[in-house]
Amino acid sequence: KQEVTQIPAALSVPEGENLVLNCSFTDSAIYNLQWFRQDPGKGLTSLLLIQSSQREQTSGRLNASLDKSSGRSTLYIAASQPGDSATYLCAVRLGFKTIFGAGTRLFVKA
Amino acid sequence: DTEVTQTPKHLVMGMTNKKSLKCEQHMGHRAMYWYKQKAKKPPELMFVYSYEKLSINESVPSRFSPECPNSSLLNLHLHALQPEDSALYLCASSQDSGGGEKLFFGSGTQLSVL
């Protein structure tokens, strides 16, 4: 059974800091991995999608990497801003199903 | 248009009520999903529709009844719910359900069952 783990569960950083969020999964037979952002009580906003054949994706200040063989992905956020405060979820796709990690709650202090 | 629209945004219902949640997308996606999310927990898959046919039911109680009238619309009919069914209900869509497509989510319906 696929399990997705995110570390840390919560993170508080001062504005301007670069940070790394970690995601690990137990079954490497994934189709893709997607990083989402969720604000309290809101839906999920897709940040980056990495296909199983890819190693990395970048969008603005965000960079996500994927090492399928070791079952790991990282989301790098450069020059963090208070507006980045949210919960960040990683999700792996296997066939019809997408399995989510429990998320990392990020707070960026001004 | 890259949006998935869900209505209503908030819903309060009694345990004897019947209500429906609605979801709409105009991206030409052929797969649509219902997820349930409890506070501070990850979303959990409930149903998957592929080409308007139910593909996956994750052993969801029959008090939740999904419907896909056409490729753009997805409904979730609610009847005789329990207080523990209170949660954020999220709709999502993708190009297909076969594998590497991106999931697009709506903003959700916050449901409270009294």
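FYI, side chains are in, hydrogens and waters are out, and symmetry mates aren't considered; it's all heavy atoms of this structure. Below, chain A is the first sequence line, B the second, and so on; all start at residue 1.
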Trainee: Applying side chain to side chain contact (heavy atoms under 4.5 Å, CB included), can you list everything that pairs with A:Pro82, at least two apart in sequence or on another chain?
Mentor: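 For A:Pro82, the residues satisfying side chain to side chain contact (heavy atoms under 4.5 Å, CB included) (neighbours in sequence not counted) are A:Glu15, A:Val108, A:Ala110.
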Trainee: State yes or no: do B:Val60 and B:Leu81 share one hydrophobic cluster built from I, L, V, M, F, W and Y residues joined by side-chain heavy-atom distances below 4.5 Å, directly or via other members?
Mentor: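 Same hydrophobic cluster.
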Trainee: What are the two closest heavy atoms between A:Gly101 and B:Pro42, and how far apart are they?
Mentor: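 Reported closest heavy-atom pair: O-CB, 3.2 Å.
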Trainee: Let me know if A:Leu49 has heavy atoms under 4.5 Å from chain B in its side chain, its backbone, both or neither.
Mentor: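 The side chain, not the backbone.
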Trainee: Between A:Val13 and A:Phe107, is there a shared hydrophobic cluster once you connect ILVMFWY residues whose side-chain heavy atoms come closer than 4.5 Å?
Mentor: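 No, separate clusters.
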Trainee: Considering heavy atoms only, which positions within residues 52-60 of chain A lie below 4.5 Å of chain B?
Mentor: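 Heavy-atom contacts from residues 52-60 of chain A to chain B are absent.
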Trainee: Does A:Lys68 NZ have over 12 foreign heavy atoms under 6.0 Å away?
Mentor: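 Yes, the 6.0 Å shell around NZ holds more than 12 heavy atoms from other groups.
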Trainee: Between A:Thr98, A:Leu94, A:Leu89, A:Ile99, who has the most heavy-atom pairs with chain B when the cutoff is under 4.5 Å?
Mentor: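 Greatest number of close heavy-atom pairs with chain B: A:Thr98.
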Trainee: Could you grab the distance from atom CD of A:Gln34 to atom CZ of B:Phe104, nearest 0.5 Å is fine?
Mentor: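 Rounded to the nearest 0.5 Å, the CD-CZ separation comes out at 8.0 Å.
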Trainee: Is the shortest side-chain heavy-atom distance between A:Arg93 and B:Ser94 below 4.5 Å?
Mentor: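 Yes, close enough: below the 4.5 Å cut-off.
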Trainee: Given heavy-atom pairs under 4.5 angstrom as the criterion, report whether the side chain, backbone, both or neither of B:Glu58 touches chain A.
Mentor: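 Interface part for B:Glu58: side chain.
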Trainee: Could you tell me which of B:Lys41, B:Gln37, B:Lys40 has the largest number of non-hydrogen atom pairs under 4.5 Å with chain A?
Mentor: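 The option with the most such pairs is B:Gln37.
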Trainee: Check whether B:Gln6 gets within reach of chain A through its side chain, its backbone, both or neither, counting any heavy atom under 4.5 Å.
Mentor: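 For B:Gln6, there is no contact with chain A at all, as no heavy atom is under 4.5 Å.
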Trainee: Within residues 83-90 of chain B, which residues come under 4.5 Å of chain A, heavy atom to heavy atom?
Mentor: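 Interface residues of residues 83-90 of chain B: B:Leu88, B:Leu90.
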Trainee: Any chain of hydrophobic side-chain contacts (each under 4.5 Å) joining B:Leu45 to B:Leu103?
Mentor: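 Per the 4.5 Å side-chain linkage, B:Leu45 and B:Leu103 are co-clustered.
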Trainee: So which part of B:Lys102 gets closer than 4.5 Å to some heavy atom of chain A, the side chain, the backbone, both or neither?
Mentor: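 Contact with chain A involves both backbone and side-chain atoms of B:Lys102.
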Trainee: Using only non-hydrogen atoms and a strict under-4.5 angstrom cutoff, which residues of residues 105-114 of chain B touch chain A?
Mentor: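 Result: B:Phe105, B:Gly106, B:Ser107.
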Trainee: So which part of A:Gln38 gets closer than 4.5 Å to some heavy atom of chain B, the side chain, the backbone, both or neither?
Mentor: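 For A:Gln38, the contact with chain B is made by the side chain alone.
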Trainee: Any chain of hydrophobic side-chain contacts (each under 4.5 Å) joining B:Met32 to B:Leu21?
Mentor: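 The answer is yes; both residues are in one hydrophobic cluster.
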Trainee: Check whether A:Phe100 and A:Tyr88 end up in the same hydrophobic cluster, where Ile, Leu, Val, Met, Phe, Trp and Tyr are linked by side-chain heavy atoms less than 4.5 Å apart.
Mentor: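 A:Phe100 does not cluster with A:Tyr88.
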